[in-house]
Amino acid sequence: MPLEIARPPVTTIKPWIKYALIIFAVVVVIGAILIAIGLHYADPYLHARAVAMLEEKFHSDVEIKDFHISMFPGLSIQGGGLALHKDGRTDVPPLIAIEEFSAHAGISAVWDKPWKIDQIKIKGLVITIPPKTENKPKEYKKKDIPILVGEIVSEDAKLILLPKDPAKLPHEFDIHNLVMHSVGLDRPAAFVAQLTNDRPPGEIDTKGNFGPWVTEDPGQTPLDASYIFNNADLGVFKGIGGTLSSTGKFGGILEQIEVQGETHVPDFVVDSGGHPVSLDTTFSATVDGTNGNTILHPVQAHFLNSYFTAAGPIIKTKEMAGRHITLDVDFYKGRMEDLMHLVVKGDKPIMTGSMKFKAKFDLPSGKDENGDVTERTNLAGVFGVGGAEFTNPKVKEKLQTFSRKAQGKPDDDDAGSDVSQLKGRFRMDNGTIDFRNLTFSITGANVQLDGTYGLKTEALDFHGMLRMDAKISQTMTGVKSFFLKAVDPFFRKNGQTQIPIKIGGTREKPAFGLDFHRKNDQKKDKSK
């Protein structure tokens, strides 16, 4: 028989292996117990370190309502109810408030310097920058806890600048998406953000650099960025319309942000005129965090063949809802037909000519903020028109007839002229333009008028005086001229013939006439 060799049973294990397995099992159990103990104490330990770091970096009293961590597969922190009160102040909102936050990092982040956190996600971030106070700031212990965050992702954030004057409303910026990279309080951080603009509605895309954070005075924290704002509907402002696009840049410090940019509205329209025009502007402005105002520096604008500037404040106060806009407008190089085309109905403007005017533009805020812009706007100033010419042939004919008669040449078809030296004062209020001391000249005469023009009704209501070089009898020929010589003395004054006149009707169908009845009424009023 062949020799058989006995084999050990398969369940046989050498004693040292058994001891090794037992020891390993004990180690695992002990390790699990230690990890459990570590996790139990890690929450308060890391919570305390987080509070210490935030206090030191922001000079603030720190409150964190919820704070939970897990160690596997890496360090993960979940929390909420974070509030940082700058210098311990409770008379203003927290410098930083966060509804929810989460952070992820490697285990080594607990003891590394700087703390290296891979990502922080934030919801409901509100940064409130208070005005600088003269009070002595609270002192905080300096701790060497540097931190570097690879990425911060924020949803529904808000930046609020509080003015020095409590009667002024804060200036607020809504930032619904924000991503920042390589964030450390000792260095600027690159960011990309999307903002929603309320009025006119539209999305603003912006990117740039923010920081480094100025702990002693957060309002001095610098920023530098560019923006793109497209497809903003101006139709939300009743009385005007168009689609606005804008590009530009902004920067400076949080307390005082300088903005520069350009806007383009290819279809800007004023309802009273109904004629779309291409409107382009180049602007600069200062967002002043100390009083909540936006100051427009001279805005350069043009449409058709006209150019103008506008400058002034946009003010928000508690007494008024919305914004109160007051601008100095200088229409320094323009055309009368351009302005008429913009604000007056009809295919043809009532008049052409080079035009200049300076005015104060006042658009008050209040509960009627959604009302028609043309009815809410107050505009007052002076204007002048050179080379004026009426486009209505009937009006031109009447003026030329006036001119011939005023020269005492009623039969001379070669005599007569168009309007020159048209100027006056005006005030636009509640959709009506009120003209005062409106004067213009034609060869042989000049006219002075006061009256109103309705932007929507197009109704004319003017009264004034025609002053002619010729006598009344010289404005006629034949028998009429002979009999009128008797009344010449009654209308001559200071070497001129003076006749009260009126203009009524509408822009399309003006009605000219003598106004003796009004002159008599004025005499009666003076005699009372």
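Counting begins at 1 with the first residue of the sequence.
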Given Arg89 and Asp91, is the salt bridge (Lys or Arg N to Asp or Glu O under 4.0 Å) satisfied, shown in steps? CA-CA 6 Å; Arg89 294 180 64 182; Asp91 58 319; 2.9 Å; yes

Measuring only between side-chain heavy atoms, which start at C-beta, is [X] closer than 4.5 Å to [Y]?
| X | Y | value |
| --- | --- | --- |
| Asp411 | Thr477 | yes |
| Leu125 | Ile175 | no |
| Phe229 | Glu203 | no |
| Leu234 | Val265 | yes |

Using only atom types and a distance under 3.5 Å, with no angle test, would you say the side chain of [X] pairs donor to acceptor with the backbone of [Y]?
| X | Y | answer |
| --- | --- | --- |
| Gln407 | Ser403 | yes |
| Thr128 | Pro93 | no |
| His275 | His341 | yes |
| Ser441 | Asn446 | no |
| Asp488 | Ile472 | yes |
| Asp450 | Asn437 | yes |

Angle class for the Phe435/Phe462 ring planes (parallel below 30°, perpendicular above 60°, tilted otherwise)? tilted

Which atom names give the shortest non-hydrogen contact between [X] and [Y], and what distance separates them?
| X | Y | value |
| --- | --- | --- |
| Pro313 | Ile295 | CB-CD1, 3.8 Å |
| Lys123 | Ile98 | O-CG2, 3.8 Å |
| His85 | Pro94 | CE1-CG, 3.7 Å |
| His463 | Lys502 | ND1-CB, 3.7 Å |
| Thr497 | Lys471 | OG1-CA, 3.4 Å |

Derivation and outcome, ring-ring contact (aromatic ring centres under 6.0 Å, His included), residues Phe191 and Phe210: CA-CA 7 Å; Phe191 74 89; Phe210 177 82; 7.1 Å; no

Taking 4.0 angstrom as the limit, do Arg436 and Asp434 come out as a salt bridge? yes

Listed partners of Asp174 passing salt bridge (Lys or Arg N to Asp or Glu O under 4.0 Å), at least two apart: Lys158

